[in-house]
Amino acid sequence: DAKTTQPPSMDCAEGRAANLPCNHSTISGNEYVYWYRQIHSQGPQYIIHGLKNNETNEMASLIITEDRKSSTLILPHATLRDTAVYYCIVRTSGGTSYGKLTFGQGTFLTVHP
Amino acid sequence: DTEVTQTPKHLVMGMTNKKSLKCEQHMGHRAMYWYKQKAKKPPELMFVYSYEKLSINESVPSRFSPECPNSSLLNLHLHALQPEDSALYLCASSQHQGNPSYEQYFGPGTRLTVT
């Protein structure tokens with residue numbers, strides 16, 4: 001799986017958009033970008049994923065650059081409950097990593113009142 | 001419904017005990033996973049089951065023994081654990097193992113303490 005790089009921590013004011021960046025410069029054509037988050041001591045929560053196109057769901061938007069080497073997760077109106085570790089993961093379909101999610105260190109997002 | 005349930009929520013066991021962790025999903029998913037998460041670290045994959053057959057074992061010590069009795073259930077049998085095995089054990093499931101377009105859904109985890 002391609003390696004991802006994320007800032008270790010970010011802050012955001014409540015009600016503002018939170019933009020979390022992720023670099024995945026070695027991503028290959030069949031690899032998906034996934035975002036999960038983990039609130040303290042809970043199981044990881046799936047947020048969104050995409051291959052090439054930008055994606056939006058009820059939780060967030062995922063913007064993938066045209067060369068696919070980086071992406072941004074956008075939480076449009078952050079709340080205090082969005083404080084969590086956010087993981088950007090590149091997931092492949094084959095090889096020895098078959099189906100595996102490889103978590104990096106993630107970004108700890110703190111949403112302030 | 002995207003729920004994966006895990007029991008128990010918390011488990012304390014001695015190094016000579018035998019215990020089991022249980023995971024259940026009713027989403028019709030055919031791939032199920034065990035992850036281990038140490039404090040302040042990201043989750044790490046332990047095992048993958050695909051269509052009730054063990055597909056991936058990430059070189060996990062034999063004191064951890066997985067079992068998939070049917071497509072909805074996944075167990076992790078524990079025997080002769082060490083204190084360093086204390087961690088959050090997470091179960092996940094997905095439609096299929098090999099298709100990366102299918103997301104994995106995680107349970108809340110079992111917090112294991114080995115004394």
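Atom set for the values below is all heavy atoms of this structure, side chains included, hydrogens, waters and symmetry mates excluded. Residue numbers start from 1 in every chain, and the chains themselves are labelled A, B, ... in the order their sequence lines are given, proteins ahead of strands.
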Leading residue by heavy atom contact count with chain A [cutoff under 4.5 Å; candidates B:Ser101, B:Pro108, B:Ala31]: B:Ser101
Could you grab the distance from atom CD of B:Gln104 to atom NZ of A:Lys100, nearest 0.5 Å is fine?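 It is 11.5 Å, given to the nearest 0.5 Å.
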With rounding to the nearest 0.5 Å, note down the distance linking CD1 in A:Ile47 to CD in B:Glu103. 12.5 Å
Take atom [atom1] of [X] as the centre, draw a 6.0 Å sphere, and report whether it contains more than 12 heavy atoms from other residues, nucleotides or ligands.
{"X": "A:Glu14", "atom1": "CD", "value": "yes"}
{"X": "B:Lys18", "atom1": "NZ", "value": "no"}
{"X": "A:Arg16", "atom1": "CZ", "value": "no"}

Interchain contact, A:Gln38 with chain B, by part (heavy-atom threshold 4.5 Å):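 The side chain, not the backbone.
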Pick one of side chain, backbone, both or neither for B:Gln6, based on which atoms fall under 4.5 Å of a heavy atom in chain A.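 Contact with chain A involves no heavy atom of B:Gln6 at all.
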Given that the side chain runs from C-beta out, which part of B:Tyr102 has a heavy atom under 4.5 Å from chain A: side chain, backbone, both or neither?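 Contact with chain A: backbone only.
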What closest approach, in Å, do B:Tyr33 and A:Arg91 show between heavy atoms, and which atom pair accounts for it?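 Minimum heavy-atom contact is OH-NH2, 3.9 Å.
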Non-hydrogen atoms of B:Leu90 and A:Pro44 that approach each other most closely: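 So the two residues come closest at CD1-CD, 3.7 Å.
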Quick one: do A:Tyr46 and B:Phe106 satisfy ring pair (Phe, Tyr, Trp, His ring centres under 6.0 Å)? Show the steps, please. CA-CA 8 Å; A:Tyr46 166 77; B:Phe106 284 80; over 10 Å; no
Any chain of hydrophobic side-chain contacts (each under 4.5 Å) joining A:Tyr87 to A:Tyr34?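 Yes, because A:Tyr87 and A:Tyr34 connect within a single hydrophobic cluster, where side-chain heavy atoms sit under 4.5 Å apart.
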